[in-house]
Chemist: 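Encoded as structure tokens, here's the structure I'll be asking about.
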Amino acid sequence: MYRKRAVFAVAVAAATGLVLAACSSGSSSSSNGASSTSSGGAKVTLTWWNNANTQPLLGVFQNIIKQFQAAHPNITIQNVPMQNELFKTKITPALRGNAPPDIFQQWGSGQQATQVQSGKLADISGQVNSWITSLGTPATEWQTDGKWYGVPYDLHVVGFWYRKDLFQKAGITTTPTTIPELEADDAALRAHGITPITVGSKDGWPDAFWWEYFAVRECSQSTITQSMSGVSLSAPCFVKASADLNAFMKTNPFQTGFLGTPAQSVPNSSVALLANGKAAMELQGDWDPAAGAGLTSDKNLFAKLGWFPFPSVPGGAGDPKAVLGGGDGYSCTTAAAQPACATFLQYLTTPAVQRQIIGAGAGLPANPTAADALTVPAEKDAAAEASGAPYVAVYFDIALPTTPGQNLDNAVAKWFASPEPTGSSITSSVSGP
């Protein structure tokens with residue numbers, strides 16, 4: 001399930017032990033490691049907006065609610081799952097109105113900073129300071145101006161998912177480490193009648209992964225960081241990224257009709273093409289295996305999938321080991337009762353709960369101690385690459401403020417339909433908040 005980017009430092013990072021403290025001095029510790037409200041406290045109900053509207057994650061969240069309420073009898077969680085695109089249209093008006101949900105899903109970084117300006121996000125620093133750093137560096141994306149306004153529950157990394165059987169058929173014995181090698185592999189696959197790469201351009205956001213990864217390879221970490229905080233893509237390396245992608249697309253790497261192909265959920269989607277062996281590769285997030293499994297009758301899909309990081313660009317100033325990623329998290333609004341709301345967010349990061357979430361294919365664990373819940377071999381490779389990366393570049397549309405981020409996604413999608421070498425339409429789409 002694509003969780004809107006959340007770019008997110010998918011570092012299943014430093015394996016530090018998780019020591020969870022109680023959220024308030026008046027609470028008692030529960031057996032699952034999260035804090036429990038006093039049995040004599042007032043009863044509260046928290047509305048929880050999330051995008052887990054399909055199985056298996058819908059069922060997992062429902063079960064988690066039952067477990068949480070059993071341990072915290074004074075807190076009732078009212079689950080409000082929504083389809084992802086619908087959710088995104090509802091949250092901004094809700095934050096502008098007078099009746100926001102108590103808990104809502106969001107993706108941290110610059111997008112969270114924009115939401116903080118509404119005055120509806122609760123500063124939960126006092127409730128989470130004692131334990132949240134145990135989640136590692138990726139969690140800091142849910143800080144704004146040094147204050148915690150959210151907590152991640154999973155993390156993501158983007159890379160190439162590939163069919164090992166199709167690579168073998170084309171005589172490819174090693175995965176590419178440079179763009180020229182990727183282009184050579186594409187040619188070998190074409191020569192054997194195999195579509196090299198599938199992309200769901202109809203939905204727009206998969207296109208952004210391509211342009212952003214070329215930018216991460218062409219631009220230094222400091223340039224990326226300064227460009228996101230300065231809301232500007234004026235650095236020359238972004239023009240180089242457009243030129244790189246333009247040249248790559250001229251090699252005809254994608255499936256016929258890629259501009260009309262949706263990314264997920266339906267039989268003609270890009271992930272379905274990969275899952276059913278009709279294409280050899282897809283540049284996507286770590287949710288791809290789970291998304292593909294629901295669109296194929298092949299019970300051995302996971303064994304046929306491999307993963308490799310985005311190749312280096314010759315001469316690029318970016319670190320070739322850096323990865324693009326993101327994650328999903330939740331914020332409490334000022335309407336939510338505290339410490340009850342922060343207690344629930346903490347509960348979602350406990351090892352036992354994390355294993356349930358990750359086992360449902362949600363992504364990589366926000367709590368590194370739950371990494372053993374990953375069962376797909378290729379996902380383990382992706383997690384290892386992310387944890388060893390020198391840095392994780394947050395998806396640009398999340399790292400930027402909300403409107404510039406959306407403008408960038410739209411500009412890249414339009415560029416895919418009509419590429420031009422300098423990418424001026426892309427770089428000019430981001431300017432100011």
Side-chain angles (χ1 to χ4, degrees), residues 2-8 84-85 88-89 91-92 106-117 141 158 199-250 254 258-263 283-285 310 313 316-318 322 324-326 392-433:
Y2 174 64
R3 312 220 168 246
K4 195 34 189 137
R5 263 174 271 194
V7 81
F8 232 5
N84 187 60
E85 299 306 315
K88 289 184 290 183
T89 65
I91 190 59
T92 297
Q106 53 98 321
W107 296 273
S109 200
Q111 190 172 93
Q112 175 183 280
T114 300
Q115 293 171 338
V116 167
Q117 296 173 12
E141 293 298 332
V158 176
V199 62
S201 291
K202 182 178 180 179
D203 290 328
W205 55 264
D207 300 345
F209 289 155
W210 281 93
W211 187 84
E212 289 170 20
Y213 244 130
F214 272 108
V216 169
R217 292 290 179 262
E218 284 288 6
C219 303
S220 67
Q221 180 180 356
S222 61
T223 298
I224 295 290
T225 301
Q226 292 168 10
S227 297
M228 296 300 104
S229 62
V231 195
S232 172
L233 301 179
S234 60
C237 59
F238 293 113
V239 175
K240 290 182 180 180
S242 299
D244 291 340
L245 180 54
N246 184 60
F248 180 76
M249 289 180 67
K250 287 182 177 180
F254 303 137
F258 68 90
L259 291 174
T261 302
L283 180 66
Q284 262 294 2
F310 195 90
V313 175
L324 183 69
V392 179
V394 175
Y395 310 127
F396 291 5
D397 66 337
I398 300 299
L400 290 163
T402 301
T403 298
Q406 293 173 344
N407 290 344
L408 175 62
D409 277 358
N410 293 337
V412 174
K414 290 179 180 179
W415 185 92
F416 256 64
S418 183
E420 47 89 18
T422 65
S424 59
S425 59
I426 296 175
T427 55
S428 63
S429 69
V430 175
S431 57

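Nothing here was measured: the structure is a model prediction, and the numbers come from that model. Only heavy atoms go into these numbers, but all of them, side chains included; no hydrogens, no water, no symmetry mates.
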Chemist: Where do S429 and L408 come nearest, in terms of heavy atoms and distance?
Modeler: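 Smallest heavy-atom distance, with atoms named: OG-CA, 3.6 Å.
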Chemist: Roughly how far apart are F209 CZ and L283 CG, rounded to 0.5 Å?
Modeler: 7.5 Å
Chemist: Between F214 and F310, is the ring centre distance below 6.0 Å?
Modeler: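 Ring centroids of F214 and F310 are less than 6.0 Å from each other.
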Chemist: Of all residues at least two apart in sequence or in a different chain, which pass the side-chain contact (heavy atoms from CB on, under 4.5 Å) check with S220?
Modeler: S222, T223
Chemist: My understanding is that only residues two or more places apart in sequence, or in another chain, count here; which of them pass side-chain contact (heavy atoms from CB on, under 4.5 Å) with D207?
Modeler: V199, S201, V412, A413, F416
Chemist: Without hydrogens or angle criteria, can the side chains of E141 and S109 be said to hold a donor-acceptor pair below 3.5 Å?
Modeler: yes
Chemist: Going from CH2 on W205 to CG on D409, what distance comes out if it is rounded to the nearest 0.5 angstrom?
Modeler: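 CG of D409 is found 10.5 Å from CH2 of W205.
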Chemist: For residues I426 and S242, determine if any side-chain heavy atom of one lies less than 4.5 Å from a side-chain heavy atom of the other.
Modeler: yes
Chemist: Report yes if some heavy atom in the side chain of S227 is under 4.5 Å from a heavy atom in the side chain of F238; otherwise report no.
Modeler: yes
Chemist: Does S424 have any side-chain contact (heavy atoms from CB on, under 4.5 Å) partners at least two apart in sequence or in another chain, and if so, which?
Modeler: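 Applying side-chain contact (heavy atoms from CB on, under 4.5 Å) to S424 gives E420, T422.
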Chemist: To the nearest 0.5 Å, how far apart are CH2 in W415 and OG1 in T427?
Modeler: 11.5 Å
Chemist: With heavy-atom distances below 4.5 Å as the criterion, would you say the side chains of Q284 and P206 are in contact?
Modeler: yes
Chemist: Going by heavy atoms in the side chains, are M228 and F396 under 4.5 Å from each other?
Modeler: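 The answer is yes, as the side chains (C-beta and beyond) meet within the 4.5 Å cut-off.
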Chemist: Determine the minimum heavy-atom distance between K202 and G260, stating which atoms define it.
Modeler: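 That closest heavy-atom pairing would be CD-O, 3.5 Å.
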Chemist: Is L324 close to E212 at the side-chain level, that is, under 4.5 Å between some pair of heavy atoms?
Modeler: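 Side chain of E212 against side chain of L324, heavy atoms only: contact under 4.5 Å found.
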Chemist: Set out, in order, the CA-CA distance, both residues' side-chain angles and the distance that settles side-chain contact (heavy atoms from CB on, under 4.5 Å) for E218 and D244, then state yes or no.
Modeler: CA-CA 9 Å; E218 284 288 6; D244 291 340; 2.4 Å; yes
Chemist: Counting only N and O atoms by type, is there a donor-acceptor contact under 3.5 Å from the side chain of S418 to the main-chain atoms of K414?
Modeler: no
